[in-house]
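Some notes on the structure that comes next.
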2 protein chains.
Amino acid sequence: MAGQASFERGLRILSAVADAGDTTVEAVAAKLGIPVSSTYRYFRQLRELGFVQEDAGLYRPGRALLSLSGRHLTQSHLAEVGTAVLKDIVDTVGETAVMVIRVGTRAMCLRRVEPDKAIKYTFAVNELLPLSAGAGPRALLAWAPADVVRQVLDGGLPRFTDNTPTAEQLQSSLAQIRTSGWVVSRGELDPGAVSVAVPVMFDGEAVCALNVAGPESRCGSRTWLNNTLKTMNEAAENLAASLGTLAGQGTTRRYTTQEAGDDAAHSA
Amino acid sequence: MAGQASFERGLRILSAVADAGDTTVEAVAAKLGIPVSSTYRYFRQLRELGFVQEDAGLYRPGRALLSLSGRHLTQSHLAEVGTAVLKDIVDTVGETAVMVIRVGTRAMCLRRVEPDKAIKYTFAVNELLPLSAGAGPRALLAWAPADVVRQVLDGGLPRFTDNTPTAEQLQSSLAQIRTSGWVVSRGELDPGAVSVAVPVMFDGEAVCALNVAGPESRCGSRTWLNNTLKTMNEAAENLAASLGTLAGQGTTRRYTTQEAGDDAAHSA
DNA sequence: ACAGCGATTCTCATTCTGCGGGAATACAGT
DNA sequence: ACTGTATTCCCGCAGAATGAGAATCGCTGT
């Protein structure tokens, strides 16, 4: 009666993964009554198209799903949950923490939380910045698509201080950033400021970056850097996890938006 | 090379609609190079499954897409954008405005904005309430799935005041609410309080409800009710529109989350 | 090295679905 | 009645999807 049987099947499988958030091929096959062998075929394609991501036999929603529902929703979520995450960071680290996203070939600070101190780093919220200078922007650049990187490198890099990186320095640092998973910048935008950033990775993509910055006097030491990075990595992981539908095992704290639900009915 | 050709095709079509936000069958067919006749076949199925909604030849993302990306994201978005919407309402109406969502067989206040007045109605945020009493909850109930309605009716209705509706009153009011598109409650939860609510409809489903409440002394008149409803309906429409990816024609004010982007690259 | 095991991909004969150009229908506007 | 646009129908067949089972892959433990 319907036609398009295989398409519908595929969508059901996709929905199943989106609902479960963290499931196996067999589980889905069983739930939907589809032969395992066929289910694998669908999963493969879903994976290739980025709708699901796989990790050690466990499948969860992929980035393509996020873009399906629009940047709007994703950004709302980041802004919403991000505030709580940033507050936690500030509580632990005691320096300004911000969340930056990439907008085309620019970076933008989406959320900011400041510590209760006289001397602190202050970011402008909602203003477009170059991707080339500062820890947060550079973290975004490191995971940006190749064409964006090229545009930034070719577009002429603005210089703010003597420490602002040049095109060569920048280019060579990107690969290293991807390897280490974090960036530190010393006085690239403002003299005397130290800034650390980590990306929030979701299915291989940097959805946004967390950035902590403060005066060199307080943030210059290696131990400070290590402690801060530890806090930030934890935060980034939580934030990334909150993008996956609901997921399962709670490692550390989990940031969700209400989702109190547990009553009965879920209205498909 | 891939196999599952039709599935991939369907997903591409779905993505196209999600991206465009407001498009026609022909446009998608042209863009993807798929025969119109086949494209219609996919659209029909997508519509039947709720992934797209159609209105006068224009197609836009449907509710199933929202549930694909998880209640999380949707709720984050509502909470995020909702605050601005509520503020506008409070500015215009001068009474407490809240946003309530349905959680299983309960209602919950997700966001609250209060006017700067000594006497005002105060809602508890993040607490579960019955769906049976009060304007907001009842608006949600009116559009809830049948099994939820049954559960609520059969579950024994708590009584708060003499005006708290009984099961019979409740049941008969639901159809009327669906027709009129709004609810008013007078002293159902608290004596002397008037409460008005409208649902935020997205593709035939009540995603949440907006609720304005205040003392009878200020909110008793028919003109007040009319003016308030006008404001609320506008707000509800804006909120619903913000759930569609980005959509096009701006009627009144449009609430979006940043989405500044315009530079080049959008990284698929 | 080997066995054991679960996850994943491959194989392939058979079934039957999706395909798409074009006709038919529906419906609004004039 | 006529024009245009949106949508569904029609229909024979190429070829896609199917699924049981075998074959691989990648482990871990011994």
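Since the model is a prediction, treat every value here as computed from it, not as a measurement.
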Please determine if a side-chain N or O atom of [X] lies less than 4.0 Å away from the OP1 or OP2 oxygen of [N].
X: A:S38; N: D:dT18; answer: no
X: A:Y42; N: D:dT18; answer: yes
X: A:R9; N: C:dT17; answer: no
X: B:S37; N: C:dG21; answer: no
X: A:Y40; N: C:dT9; answer: no

Distance, nearest 0.5 Å, that separates CG of B:L66 from CD of B:E205: 8.5 Å
Nearest-0.5 Å distance that lies between atom OG in B:S69 and atom NE2 in A:H77: 11.0 Å
Can you tell me the distance, in whole Å, between the [atom1] atom of [X] and the [atom2] atom of [N]?
X: B:Q45; N: D:dC9; atom1: CD; atom2: C1'; result: 17 Å
X: A:E8; N: D:dA17; atom1: CD; atom2: C1'; result: 15 Å
X: A:Q4; N: D:dA16; atom1: CD; atom2: P; result: 15 Å
X: B:I34; N: C:dG20; atom1: CD1; atom2: P; result: 8 Å
X: A:R44; N: D:dC25; atom1: CZ; atom2: C1'; result: 14 Å
X: A:D55; N: D:dG26; atom1: CG; atom2: P; result: 16 Å
X: B:L58; N: D:dA6; atom1: CG; atom2: C1'; result: 11 Å
X: A:E54; N: C:dT8; atom1: CD; atom2: P; result: 6 Å

5' precedence on DNA chain C between A:A56 and A:F7 (nearest-nucleotide basis): A:A56
Residue met sooner reading DNA chain C from 5', once B:P35 and A:Y59 are mapped to nucleotides: A:Y59
SB check B:E234 B:K230 (cutoff 4.0 Å): no
Sugar-phosphate, base or nothing in reach of B:R41, heavy atoms under 4.0 Å: base
Of A:R44, A:R9, A:R41, the residue whose pairing with B:Q4 passes side chain to side chain contact (heavy atoms under 4.5 Å, CB included): A:R41
base_contact_polar (D:dA17 base, A:S6 side chain, donor-acceptor, <3.5 Å): no
A:Q53 side chain to A:Y59 backbone, donor-acceptor under 3.5 Å: no
